[in-house]
Protein chains: 2
Amino acid sequence: MATLRDVAREAGVSVATASRAINGLGNVTGPTRDAVLAAVKKLNFVPHSGARSLTRRKTDTIGVILPDLFGEFFSEIIRGIDLVAHESGMHLLLGNMHGSTHETAAAIASMRGRVDGLLVMPPDMKPELLAGHLDPALPTVLLNYDAGPLDVPFVAVDNYHGAYAMTEALLDRGARQVVHIAGPKHNRDARDRQRGFVDAMAKIAKERSPVILPGDFSEEAGEEAARLLIQGQLPADAVFASNDLMAVGCIQQLGEAGISVPRDVMVAGFDDIPLARHVSPALSTMQVKIDRLGSTAMMMLLRLLRGETLGAASSTVLTPTLIARGTTAGPVGLAAVSKAVPAADRDSD
Amino acid sequence: MATLRDVAREAGVSVATASRAINGLGNVTGPTRDAVLAAVKKLNFVPHSGARSLTRRKTDTIGVILPDLFGEFFSEIIRGIDLVAHESGMHLLLGNMHGSTHETAAAIASMRGRVDGLLVMPPDMKPELLAGHLDPALPTVLLNYDAGPLDVPFVAVDNYHGAYAMTEALLDRGARQVVHIAGPKHNRDARDRQRGFVDAMAKIAKERSPVILPGDFSEEAGEEAARLLIQGQLPADAVFASNDLMAVGCIQQLGEAGISVPRDVMVAGFDDIPLARHVSPALSTMQVKIDRLGSTAMMMLLRLLRGETLGAASSTVLTPTLIARGTTAGPVGLAAVSKAVPAADRDSD
DNA sequence: AGGGGCAATGCAACCGGTTACATGGCGACG
DNA sequence: CGTCGCCATGTAACCGGTTGCATTGCCCCT
């Protein structure tokens, strides 16, 4: 591979001049520039970005650290990030912590010197622990994580009120026994959603004690919960799953058992993954504009990179929207909402 | 940020010794090593991967260049790649060409010096053109692209025979008028699938001329095709879409028009994206193990990086499997297959 | 006690660019 | 016609590590 030295020699100039010509800096005569560019073409020279970023102290790359890459949730986030990053000519370096807290530290560390900024989504990490691993000198925005005491800007989803609203809606719709399928124990989103559910139940339906089944955000967990529901003879006329994937698994399993959704039992999810529109009946859910989560975070990061100082105070909290579809359809209540939202439903903006 | 020099000074040793201690090379006394590691801890030193990779001539990163990031197809590929990459401690640098051929060149160029190898998916690029942009010194594996004259290893899907088989199956099943929804004009996958369709029609159903509707792999294109079908009064009892997303859009639109799938018209797709199982009725499709596409390519790339020489000859062609589900269900034909494949359907391996 | 050998450590070049500063040639000015 | 200043170009230091080779110091041997 040709280096800048090679180009300079070929063109009969010094490396400094070659560098200036290539980067279009001023102070280079026409003929000189042409000679250099000719040499570039002849030798097929491509600048070595690694070396370049060493001196420029700028890599034009941002690191994205996600807990996993499975499912539409993460791919939508990446797409959202990429959308904005690409406009600014930034590259994305993917780091996958594969669910392990220990690997998170390694992932963050290995990014040093490779990236100009970091987008981190640490859904089941304690803030104190996280703080120890983040480099305060590296612009960082947290994804889907309220940093709490940390002064790190974040983009989060109002999981609590979203879950509260959904629970409320199910009760409004006439549900008497709402069962919640929880997410992973240490996952902060899952916990906030569960809190929202519990609080809504407590406030609105005091007499009914909330039933919570364990889950882990996977489709299988939703199926398992449905089986528990059926076999365990749990009296339930509505299921609120902590995410869409579990809701989908649940619907699927209920269907196989001959239980009709929504006639026998209503089902609701959270996230509005693209799949939600396509299952049958279509899944009612709290819509989080997932790609927005990514693009908003990326935009904040760009501002940080431009030198603005953003503290935790500048964080964004996205409010999820209730999208009522078939799984909670019926003669009254949610059904009415259902008619009102097709535009939003189609990602109208 | 602390540098190696700082650590060395703090520990009272030379940078060389500090470097050796940190990297666990031999030739360092116990006490010396301890002093260095203590300094590392004290100064919170994290090695600068950029600088490191400059001397080591190794970045532990591989570049992934995809035409887009939209939809499950790409996210599955990335997941497959990551799975293997992560095991080998490799990072992924994402380059998105956003559909533009021109950007492909830029994307490839900007990877120089950042990555040890490249995984490229250039679905609508001519081989000659591609050849001009690839760096022969950089280990590269092509994704879903038969390099033809180029001596570059690739992982591809046997689109032609897959489409042939699916068309055959639809005709077997009793379809008389099969309509094909094509993919983007310049997309090689799409063209191979179309060829497979046309050839199968020609061989098996000579008397019926194949009808081909335009498409671009998007859900909307599928809807549009369905509308054409309905309004245009095209006589059709089966639709074979060039990919699943279009098939899904088509089903959706047919349903809204009150046309029953599969009773009035059968529908089939290609790819077997996760969504395919979930639409209703479930979509019959040619299953491509999409994540396998990524992981296989990544494994080949790792072999290249280990120094093995793999030419185009060592390429892998994945054969898609027919998965019959509800959209082609009926009393005979595909329905029988349908019973036989649930294991494969669940990604049993 | 002196010399040889080996392991631990230091020095300095190097990876491939960028850039501050030095240099030198030229035209414009008095 | 001599001098000043500007602009194109060159020299070399630097980014932050790694590593080949030189050096040092210790132990062991004769």
Side-chain angles (χ1 to χ4, degrees), chain A residues 1-40 43-61 109-116 135 137-138, chain B residues 1-40 43-61 109-116 135 137-138:
Chain A
M1 203 69 220
T3 75
L4 187 63
R5 259 83 161 153
D6 300 329
V7 173
R9 193 180 320 118
E10 176 74 26
V13 299
S14 72
V15 285
T17 304
S19 172
R20 289 192 272 258
I22 288 169
N23 292 298
L25 274 330
N27 298 349
V28 181
T29 334
T32 311
R33 182 192 315 282
D34 293 345
V36 172
L37 295 184
V40 165
L43 299 179
N44 230 305
F45 171 78
V46 178
H48 187 293
S49 329
R52 178 176 276 182
S53 60
L54 191 56
T55 43
R56 286 202 184 159
R57 305 164 147 286
K58 196 160 156 313
T59 60
D60 293 322
T61 302
S110 74
M111 292 275 172
R112 137 119 159 127
R114 294 178 187 282
V115 301
D116 296 338
D135 175 356
L138 191 66
Chain B
M1 203 68 218
T3 75
L4 188 62
R5 260 82 158 154
D6 300 329
V7 173
R9 192 179 321 118
E10 176 74 26
V13 299
S14 71
V15 285
T17 304
S19 172
R20 289 182 193 115
I22 288 168
N23 291 300
L25 274 331
N27 299 348
V28 181
T29 334
T32 310
R33 181 191 316 282
D34 294 345
V36 172
L37 295 185
V40 165
L43 300 180
N44 231 305
F45 170 77
V46 179
H48 188 293
S49 329
R52 179 176 273 181
S53 59
L54 190 57
T55 41
R56 286 203 183 155
R57 310 166 140 284
K58 196 161 156 309
T59 59
D60 293 322
T61 303
S110 74
M111 291 273 173
R112 138 120 160 128
R114 294 176 189 281
V115 301
D116 296 337
D135 174 356
L138 192 65

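Below, chain A is the first sequence line, B the second, and so on; all start at residue 1.
Remark: P of D:dC15 and NE2 of A:H48 are 19 Å apart, rounded to the nearest angstrom. In this structure, A:R114 atom CZ and D:dG17 atom P are separated by 13 Å, rounded to whole Å. The separation between A:R5 atom CZ and C:dC14 atom C1' is 10 Å, rounded to whole Å. One atom, CD1 of B:I22, and another, P of D:dT19, lie 13 Å apart when rounded to the nearest Å. Whole-Å rounding puts the B:K58 NZ to D:dG16 P distance at 22 Å. Spacing between atom CZ of A:R52 and atom P of C:dC15 amounts to 18 Å, rounded to whole angstrom units. Here C:dA22 presents its C1' atom at 15 Å from CG of A:N27, a figure rounded to the nearest Å.
When each of B:R33 and A:L25 is assigned the nucleotide of DNA chain C bearing its nearest heavy atom, the one mapping closer to the 5' terminus is B:R33. If A:T17 and A:M1 are placed on DNA chain C by their nearest nucleotide, the residue sitting closer to the 5' end is A:M1.
The side chain of A:V28 lies closest to D:dT9 when the candidates are D:dG17, D:dT9, C:dG16. The A:A16 side chain lies nearest to D:dT11 when the options are C:dC11, D:dA8, D:dT11. Comparing D:dA8, D:dC14, C:dC15 by their nearest atom to the side chain of A:T29 picks out D:dA8. With C:dG17, C:dG16, C:dT18 as the choices, the nucleotide that has an atom nearest any side-chain atom of B:L54 turns out to be C:dG16. Across C:dT18, C:dG10, C:dA12, the shortest atom-to-atom separation from the side chain of B:V13 is found for C:dG10.
A:R33 and A:T17 share no donor-acceptor pair across their side chains, judged by distance under 3.5 Å alone.
The residue A:S19 sits close to a base: some heavy atom pair falls under 4.0 Å. Residue-level contact check: A:S53 touches neither bases nor backbone, having no heavy atom under 4.0 Å from any strand.
Under the 3.5 Å distance criterion, the side-chain polar atoms of A:T3 are matched with a main-chain donor or acceptor of A:R5. Without hydrogens or angle criteria, B:R112 side chain to A:V46 main chain gives a donor-acceptor distance under 3.5 Å.
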- Task: Take A:M111 and A:D135, measure what side-chain contact (heavy atoms from CB on, under 4.5 Å) needs, and give me the verdict at the end.
- Result: CA-CA 10 Å; A:M111 292 275 172; A:D135 175 356; over 6 Å; no
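Of the residues A:N23, A:D60, A:T59, A:L4, the one that meets the side-chain contact (heavy atoms from CB on, under 4.5 Å) test with A:R52 is A:N23.
In this structure, B:N23 reaches the D:dT18 phosphate: one of its side-chain N or O atoms is under 4.0 Å from OP1 or OP2. Contact between the side-chain N/O atoms of A:R57 and the OP1/OP2 oxygens of C:dT18 is not found at any separation under 4.0 Å.
Side chain B:R20 to base D:dG20: a donor-acceptor pair is found below 3.5 Å. With hydrogens and angles ignored, no donor-acceptor pair under 3.5 angstrom links the side chain of A:R56 to the base of C:dG17.
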